[in-house]
Amino acid sequence: MQVNEVTERKITDKRQAFFLFVICWMAYFTCYIGRLNYSSAMAAMIEEAVLTKTQAGTISMVYFFVYGSGQLLNGFLGDRLPPGRMIFGGLFLSMICNLLMGVSGSFGIMAVVWGINGYAQSMVWPPIIRIFARRLEEAVRLRYCVDIVSTQAAGTLAAYVLSAAVLAVSGWRTVFWGAGLCLLAAAILWAAGYARVERIAGGQAGASRNGRKLFEGKKDKAEESAPAAGKGGRSFLTLIGGGLWLIILPVVVHGILKDGVTSWVPTYILETFHTSASLSVLVTTVLPIVNLSGAYLARALYRKCGGNEVRASAVFFSVSVAALLALWTVGSFSLVLTVVLLSIITASMMGVNTLFVNLLPLRYEKEGKVSSVSGFLNACAYLGTAVSTFSIGLMVEGLGWGATVAGWLAVTAVGLVVCLAVRGRYRTGDTQSSDSGSAASS
């Protein structure tokens, strides 16, 4: 099933392009509220003996494993199915899962429901990248692909602040019910907003508004040379062999740090500094504020490194290694120092995420595989997240936080070594010459 041709036309009106960005931003922002609320509530659930640490880590592992697998599947589907419907379906199903978590009391049921939530949320990101690549002009889409990273910071901040407020006056169940209502509102707004975009595309394609075309009636050169979504071009396995395989390990490692470690930050603070559950969540809200800087630093480093994502990522991995070494040796002596070091680590991984998951897939527009590449790289990242969220629970229970942080340091060092080893050999094939140059100069 292919998207109607009119939906593939580039938006040339800046107001309409911004409107499309806003509704995509809103959809993905709300996903974070319905995802990180579990991390926020986890400390309280463990403290109330609803879950053990191992069980809590298992549920988180199930979520990220299904989310990562779903990213791979929905990445391929996102190049073939109507992206608007996929995003609405993901938001609505995630809403149902959050409401069910609020009434669940069994570890087994929670694991299943949160796993389904992982798949629901994996339906949102690949179609968004596909929409940006196929609907926005090159200069605009590169800017918005970086700007949408702010959803991660704003969504994380909103999830932690709302959860902390709810935990202070109510129980952990209300955290999930509140997120469910937010997702319902987002699904309704998305349906109305994207219907407006399609209505304008269908009714006014090629029409003039204030002397400017709103949607191009004729495809540009990039679109004329591009195969239909999901058809033509090189096979996906050929793309992997053409250079993607070189960055799989660093992408997995960045997933361990960006989401796996972040999921355990409230519990780490609570147990290391003996704070309350609500305070540990509230303190964690510093992270997303600082994390946003990583995305914009990534764009600057990307230009400095001549469009080489691996070389730019090596800088971020180096910073993370230094911060983790400090956290392992002296972090436990000060809550403020710990938060600063964790902020540096997660901001660096946000930079890596921007380089590999947001910008690099745009190179494959001519292949008709933007969504597929983005979904594949996200799947690799969340494979690392799934493994880490479970293994962290086991390591903390068996070895303590000191050994766990040492483990984070070791895997980050591995990621750095790989980036340094392949930074001069990385290539993405024929797509690199056109897109990377424009990206570096935008």
Audit row: Ile247, Leu377, side chain to side chain contact (heavy atoms under 4.5 Å, CB included) steps and yes/no: CA-CA 9 Å; Ile247 61 172; Leu377 294 176; 4.0 Å; yes
Evaluation steps, side chain to side chain contact (heavy atoms under 4.5 Å, CB included), between Thr404 and Tyr268: CA-CA 10 Å; Thr404 302; Tyr268 173 70; over 6 Å; no
Working for side chain to side chain contact (heavy atoms under 4.5 Å, CB included), residues Tyr38 and Asn117: CA-CA 11 Å; Tyr38 174 75; Asn117 186 47; over 6 Å; no
Worked check of side chain to side chain contact (heavy atoms under 4.5 Å, CB included) between Leu409 and Val405: CA-CA 6 Å; Leu409 173 60; Val405 174; 5.8 Å; no
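Sorted by first and then second residue, the side chain to side chain donor-acceptor pair (under 3.5 Å) pairs with a member in residues 174-191 read Ser170-Thr174; sequence neighbours excluded. Counting only residues at least two apart or on different chains, no salt bridge (Lys or Arg N to Asp or Glu O under 4.0 Å) pair has a member in residues 20-30.
Between Leu91 atom CG and Cys182 atom SG the span is 11.5 Å, to the nearest 0.5 Å. Here the straight-line distance linking atom CD1 of Ile188 with atom CG of Leu184 works out to 4.0 Å at 0.5 Å rounding. The distance from the CG atom of Asp79 to the CG atom of Asn74 is 11.0 Å, given to the nearest 0.5 Å. If you take OG1 on Thr267 and CD on Glu47, they are separated by 10.0 Å, rounding to the nearest 0.5 Å. Atom CG of Leu73 sits about 4.5 Å away from atom CG of Leu77, to the nearest 0.5 Å. Rounded to the nearest 0.5 angstrom, Met95 CE and Leu181 CG are separated by 9.0 Å.
In this view, Thr346 and Asn291 satisfy the side-chain hydrogen bond (donor to acceptor under 3.5 Å, both in side chains) rule, not counting sequence neighbours. Here Trp401 pairs with Glu271 under the side-chain hydrogen bond (donor to acceptor under 3.5 Å, both in side chains) rule; sequence neighbours left out. In terms of the side chain to side chain contact (heavy atoms under 4.5 Å, CB included) criterion, residue partners of Leu20 (sequence neighbours excluded) are, by chain and number, Ile11, Ile23, Cys24, Ile131, Arg135, Leu136, Tyr194, Val197. Phe316 pairs by the ring pair (Phe, Tyr, Trp, His ring centres under 6.0 Å) definition with nothing, not counting sequence neighbours. Tyr32 pairs by the ring pair (Phe, Tyr, Trp, His ring centres under 6.0 Å) definition with Tyr28, not counting sequence neighbours. Residues meeting the ring pair (Phe, Tyr, Trp, His ring centres under 6.0 Å) test with Tyr119, sequence neighbours left out: none. Scanning for side chain to side chain contact (heavy atoms under 4.5 Å, CB included) contacts around Val22 gives Phe18, with sequence neighbours left out. A search for side-chain hydrogen bond (donor to acceptor under 3.5 Å, both in side chains) contacts involving Tyr144 returns nothing, not counting sequence neighbours. For Phe376, the ring pair (Phe, Tyr, Trp, His ring centres under 6.0 Å) partners two or more places apart in sequence, or in a different chain, are Phe236. Glu397 meets the side-chain hydrogen bond (donor to acceptor under 3.5 Å, both in side chains) test with Thr54; sequence neighbours excluded.
Put simply, the side chain of Ser374 never gets that close to the backbone of Ser371: no donor and acceptor are under 3.5 Å apart. Between the side chain of Ser293 and the backbone N or O of Val290 there is at least one donor-acceptor pair closer than 3.5 Å. Using a distance-only test at 3.5 Å, with no hydrogens or angles considered, no donor-acceptor pair links the side chain of Ser94 to the main chain of Gly90. Side-chain atoms of Gln121 come within 3.5 Å of backbone N or O of Cys31 as a donor-acceptor pair. Side-chain N or O atoms of Asn358 include none that pairs as donor or acceptor with a backbone N or O of Val146 at under 3.5 Å. The main-chain N or O of Gly118 is never found under 3.5 Å from a side-chain atom of Arg35 such that the two would form a donor-acceptor pair. Using modelled atom types, no side-chain atom of Tyr67 and backbone atom of Asn378 make a donor-acceptor pair closer than 3.5 Å.
For CZ of Phe92, the number of neighbouring non-hydrogen atoms (other residues, nucleotides, ligands) closer than 6.0 Å is 12 at most. The environment of CZ in Phe65 is sparse: at most 12 heavy-atom neighbours from other residues, nucleotides or ligands sit within 6.0 Å.
Met42 is listed as a side-chain neighbour of Ile46, based on a closest heavy-atom distance under 4.5 Å. Proximity of Arg130 to Met86: side-chain heavy atoms (C-beta onward) are nowhere separated by under 4.5 Å. Inter-residue side-chain proximity for His254 and Asn353 is flagged as met; some heavy-atom pair is nearer than 4.5 Å. Between Ser320 and Met349 the shortest side-chain heavy-atom distance falls below 4.5 Å. Taking the side chain as every heavy atom from C-beta outward, Val66 and Ser122 never approach each other to under 4.5 Å. A heavy-atom distance below 4.5 Å is not found between the side chains of Trp114 and Val62. Looking at heavy atoms from C-beta onward, Trp408 lies in side-chain contact with Ile392 at the 4.5 angstrom threshold. For the pair Thr354/Arg299, no side-chain contact is recorded, criterion being any heavy-atom separation below 4.5 Å from C-beta on.
Closest approach of Met350 to Ala295, counting heavy atoms only: CG-N, 4.2 Å. Residues Ile129 and Cys145 approach most closely at CD1-SG, 4.2 Å, considering heavy atoms. Closest approach of Gly384 and Ile256 over heavy atoms only: O-CG1, 3.3 Å. Across all their heavy atoms, Ser40 and Leu167 have their closest contact at O-CD1, 3.7 Å. Closest of all the heavy-atom pairs between Leu51 and Gln55 is CA-OE1, 3.5 Å. Across Ala323 and Leu341, no two heavy atoms sit closer than the pair O-CD2, 3.9 Å.
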